[in-house]
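Structure, as structure tokens:
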Amino acid sequence: MNHLFSTERINASVAEEADLDRIVHIQSHPENRDYTWLNNKEEYLDIIKEEGVYILAFRKKGEDEIMGYAYLVHNAKIDSMEFRRLAVMDKSHGYGQEIVRGIQAFAFTKLKVHRLWLEVYTFNHKAIYLYEKLQFKREGTLRDAYKDHRGYLSQHVYSMLADEYRALDASNPVI
């Protein structure tokens, strides 16, 4: 397993086929399933073949079990990365913040993207708090953009640009 990037407590690697059952479990967990789009293993097998896609598996340093995952899509033609998903199992310990900071550093320093962006359900207050704390800017709201068993769901769009990251990085370096 090759580490794509590391933070103080977490190693991030590109997920392999053997990791997908655990990723499906994490996204389907009651604490996560209402906040993320659910894919099955077969869908992930197709997704990981797409150009520019990173399904990341996060493990605490020194441990083998995956404790979280992210789904990123890098569009090199427009120097942009879409941050599609993030879910972690061990909540309230700052792992989500640490992982997002690692993703910011990976996107802006390793891949040299100009824009990192995401969509978040308007009712996902913990994630919204996190993204705003990490200086993502709200661009707008996609009203009733998705529909599931709960009805129509709206999402806020957030982004960060490279110069905003560099200003943040200068005042508060990322690992």
Side-chain angles (χ1 to χ4, degrees), residues 1-29 32 35-91 93-120 126-127 130-131 133-136 158-170 172-175:
M1 152 185 19
N2 290 328
H3 299 307
L4 196 58
F5 65 85
S6 293
T7 65
E8 182 181 339
R9 302 177 292 169
I10 304 292
N11 288 322
S13 59
V14 174
E16 300 173 358
E17 184 174 346
D19 300 328
L20 296 178
D21 287 327
R22 177 71 178 156
I23 287 171
V24 169
H25 170 76
I26 291 169
Q27 76 176 10
S28 302
H29 190 274
N32 295 324
Y35 302 105
T36 187
W37 192 262
L38 304 177
N39 289 105
N40 62 40
K41 183 177 180 177
E42 291 72 29
E43 290 169 327
Y44 276 121
L45 286 170
D46 289 336
I47 290 168
I48 62 177
K49 295 175 189 172
E50 295 175 21
E51 184 176 345
V53 168
Y54 294 88
I55 305 294
L56 301 181
F58 302 112
R59 293 173 174 87
K60 294 177 190 174
K61 289 184 175 178
E63 296 184 16
D64 291 331
E65 184 172 71
I66 296 170
M67 54 78 67
Y69 81 101
Y71 176 180
L72 311 171
V73 180
H74 177 215
N75 185 330
K77 286 183 182 181
I78 60 171
D79 297 328
S80 180
M81 177 170 275
E82 180 182 2
F83 181 1
R84 286 197 181 168
R85 250 173 249 151
L86 171 65
V88 297
M89 291 299 292
D90 199 359
K91 303 202 186 301
H93 297 285
Y95 294 120
Q97 179 174 323
E98 189 172 326
I99 288 168
V100 173
R101 288 173 56 87
I103 289 170
Q104 288 172 313
F106 172 67
F108 290 114
T109 61
K110 288 193 178 181
L111 296 181
K112 308 285 188 210
V113 302
H114 174 71
R115 181 172 187 261
L116 176 63
W117 68 280
L118 59 96
E119 297 171 358
V120 59
K126 286 183 180 182
L130 172 63
Y131 299 135
K133 180 179 180 179
L134 295 178
Q135 305 300 308
F136 282 86
Y158 281 86
S159 70
M160 177 175 278
L161 302 178
D163 61 339
E164 294 165 340
Y165 174 76
R166 284 189 295 273
L168 174 69
D169 187 46
N172 190 8
V174 175
I175 302 158

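Contact between V14 and D19 at its shortest, heavy atoms only, is O-OD2, 4.3 Å. Across all their heavy atoms, R59 and M67 have their closest contact at CA-CG, 4.1 Å. Across E98 and I10, no two heavy atoms sit closer than the pair OE2-N, 3.6 Å. Across every non-hydrogen atom of N40 and Q27, the tightest pair is N-NE2, 4.5 Å. Nearest heavy-atom pair across G68 and I26 is N-CD1, 3.7 Å. Residues A70 and I103 share a closest heavy-atom pair of CB-CD1, 4.0 Å.
At least one side-chain heavy atom of R22 sits under 4.5 Å from a side-chain heavy atom of H25. Contact check for E164 versus Q135: no side-chain heavy atoms found under the 4.5 Å cut-off. Side chains of Y95 and K60 form a contact here, defined as non-hydrogen atoms less than 4.5 Å apart. Looking at heavy atoms from C-beta onward, Y54 lies in side-chain contact with L111 at the 4.5 angstrom threshold. Two residues are said to be in side-chain contact when any heavy atoms from C-beta on lie closer than 4.5 Å; K112 and D79 fail this criterion. Y71 is listed as a side-chain neighbour of V53, based on a closest heavy-atom distance under 4.5 Å. With contacts defined as side-chain heavy-atom distances shorter than 4.5 Å, the pair F58/L86 qualifies. Taking the side chain as every heavy atom from C-beta outward, N32 and K91 approach each other to under 4.5 Å.
Between Y158 and F136, the ring center distance fails the sub-6.0 Å criterion.
Under the ring pair (Phe, Tyr, Trp, His ring centres under 6.0 Å) test applied with F108, the options F5, Y165, F83 reduce to a single match, Y165.
Taking CG from L134 and CZ from R101, the interatomic distance works out to 6.5 Å, rounded to the nearest 0.5 Å. Interatomic distance, CG of L118 versus CE of M81, reported as 12.5 Å (0.5 Å rounding). Distance check, rounded to the nearest 0.5 Å: OH of Y131 to CD of Q97 gives 12.0 Å.
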* To do: May I have the step-by-step check of side chain to side chain contact (heavy atoms under 4.5 Å, CB included) for S6 and N11, ending in yes or no?
  => CA-CA 4 Å; S6 293; N11 288 322; 2.6 Å; yes
* Verdict with reasoning, Y69 to R85, per side chain to side chain contact (heavy atoms under 4.5 Å, CB included) -> CA-CA 8 Å; Y69 81 101; R85 250 173 249 151; 3.3 Å; yes
* To do: Show your working on side chain to side chain contact (heavy atoms under 4.5 Å, CB included) between E50 and I47 and close with a plain yes or no.
  => CA-CA 6 Å; E50 295 175 21; I47 290 168; 4.2 Å; yes
* Evaluation steps, side chain to side chain contact (heavy atoms under 4.5 Å, CB included), between E82 and N75 -> CA-CA 8 Å; E82 180 182 2; N75 185 330; over 6 Å; no
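The backbone N or O of I23 lies less than 3.5 Å from no partner atom in the side chain of K41, so there is not a single donor-acceptor pair.
Within a 6.0 Å sphere centred on NZ of K126, other residues, nucleotides and ligands contribute 12 heavy atoms or fewer.
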